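Start at 1 with the first residue, then count along the sequence. Just so you know, ligand 1 is whichever comes first in the structure, and atom 1 is the first atom listed for that ligand. Everything quoted here is computed from the prediction, not taken from an experiment. Values reported hereafter were calculated over all heavy atoms of this structure, with side chains retained and with hydrogens, waters and symmetry mates removed.
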Amino acid sequence: MLTGAIAGPVFTSPPVGSIVAAIQAVARAGAAGVLLIVKNYTGDRLNFGLALERARREGVDVEMVVIADDCAFTSPRKAGRRGICGTVLIHKIAGALAEEGKSLPEILRTVTLAASRMGTLGVSLSPCSVPGSGPTFQLAADELELGLGIHGEAGVRRDKMMSSDEVVKIMIDHMTDPASQSRVDVNSGDSVILVVNNLGGLSCLELQIVADSAVRLLEERGVMIERAVLGSFMTALEMSGVSLTIMKSSQEILKLYDHETAAPAWPRVPCIRVTGQTRCHPCPPESPLPEDPEPDAERVQVYVRVLGHVCRALLSLEEELNDLDRAAGDGDCGSTHARAAHAIEDWLSGGHLPSHPSRLLTALSQVLLEKMGGTSGALYSLFLTAAARPLQDDSSPPAWAAAMDAGIGAMKRYGGAEPGDRTMLDSLCAAGHALQPLRGPNCDVMRILSSAVQSAAAAAEDTRHMTAGAGRASYIGSSSLSRPDPGAVAAAAILKAVWEGLGGK
Ligand SMILES: *[C@@H]1O[C@H](CO)[C@@H](O)[C@H](O)[C@H]1NC(C)=O
């Protein structure tokens with residue numbers, strides 16, 4: 001791409017002497033000509049201009065192109081448009097032309113045209129600081145600033161924090177505003193190259209979210225994204241922010257853009273059109289369960305009542321479970337269970353509950369698998385899937401005891417925990433044990449259930465004395481765990497809610 005880059009002090013244009021030395025080095029190495037690619041800042045224009053004059057006097061064939069791709073300022077101002085990330089595309093195109101052996105005037109002509117057909121706009125979530133000094137400007141934690149320069153100069157407007165989609169819409173509207181003097185003229189039907197550039201401190205995850213927003217928005221406007229690239233191309237130290245560059249492309253520009261380069265920082269991604277690619281879609285919804293052969297309205301009413309109790313219990317425990325989880329995990333156990341409760345409530349309000357218990361558990365396991373997430377979502381889902389099996393042809397009390405055992409067995413098998421490991425299995429196993437009398441003749445179901453609920457609560461309470469043997473809590477020292485395990489507390493609360501939903505008091 002580039003034969004040389006000349007560094008000045010941080011955020012300062014390099015001295016003329018350094019630039020002349022670089023031009024001479026390239027010329028001595030046999031270059032047919034030298035093209036200076038300069039970003040439109042006064043200091044750079046002056047120093048590079050002076051160096052160019054000096055090198056020409058010494059007989060070197062030198063040209064200069066000044067890049068001004070900044071779309072920040074909508075009305076003409078003295079300072080003019082700055083050169084920012086779009087400059088990297090010019091490096092790429094000029095480098096490819098030089099590799100193809102094009103003459104200096106020809107290269108100058110092509111890159112000048114390409115440079116006139118692109119625009120860049122940055123948005124920042126934080127300032128940057130020159131090593132040894134403080135931040136270049138102040139920005140509150142919930143603010144973002146649009147249109148700032150790569151040297152930490154303040155931008156053109158400030159907004160409250162918003163979603164990636166919203167920010168990207170503001171950016172692209174601003175960049176393509178027909179009333180703006182510095183717009184990039186992109187319309188429906190145009191083909192473009194898109195650069196999503198990290199200004200320094202953004203995580204890869206955030207950058208990709210912004211890239212996704214930008215691709216979707218441009219496509220919605222009928223713009224054909226021929227190439228898209230993301231990475232750290234032109235940064236402002238540690239500034240957390242992103243810039244978008246849009247360059248209108250032609251077949252010639254694409255060919256140059258696709259040209260191989262050995263530049264280490266240029267991403268080696270397949271050069272394929274983005275628009276029109278098959279994209280990932282969210283998982284297709286599970287095929288609906290077949291209609292109930294013999295709907296039983298009374299049973300369904302019981303299910304609705306029991307599940308309603310479970311949801312309310314989990315929602316009321318949200319804060320407490322999060323709090324317990326903060327000691328050992330990431331503090332989201334309550335939120336995860338609340339998410340499950342909301343998903344079940346939505347499902348209940350949809351009104352399509354199967355009346356067969358085995359199908360009820362299967363459907364419930366699907367709801368949790370899709371909506372609950374986390375390890376607990378997978379474990380509950382496993383439990384319910386396995387528990388559904390013994391209930392397939394039999395819904396007598398012994399079958400429910402067998403269902404509980406099957407669920408616990410599956411959790412142990414796949415989750416790798418045993419009772420005593422300080423997990424929800426402690427509550428479930430205690431309850432499962434207490435449910436064994438269901439297998440006997442003429443049993444008192446509610447009395448047995450009540451004892452299972454008490455056993456589960458006691459077992460959950462007992463986890464406070466246990467050392468974590470599985471799950472996230474096992475990664476931390478036992479000394480910091482003096483409260484019960486949130487998963488065990490949640491499982492005990494669910495059993496209690498089931499019992500209450502069935503009329504237990
Ligand atoms: C560069 O900025 C100056 C003002 O500093 C402006 O007059 C000029 O038009 C800009 N150059 C380009 C190529 O836009």
Residues at least two apart in sequence or cross-chain that pass ring-ring contact (aromatic ring centres under 6.0 Å, His included) with W347, listed by chain then number, are none
Counting from 1 in the order shown, the ligand 1 atoms closer than 4.0 Å to a non-hydrogen atom of R45 are 1 (C), 2 (O), 3 (C), 5 (O)
Practice prompt. Decide whether S249 and S191 meet the rule of one side-chain donor and one side-chain acceptor closer than 3.5 Å.
Written response: no
In terms of its nearest heavy atom to atom 13 (C) of ligand 1, the top option of S182, A68, A115 is A68
- Looking only at distance, does N40 have an N or O less than 3.5 Å from an N or O of ligand 1? yes
Are the aromatic ring centres of H91 and F233 under 6.0 angstrom apart?
-> no
Solution key, residues 16-32 side-chain donor-acceptor pairs under 3.5 Å, sequence neighbours excluded:
residue, atom, partner, partner atom, Å
Q24, NE2, E58, OE1, 2.5

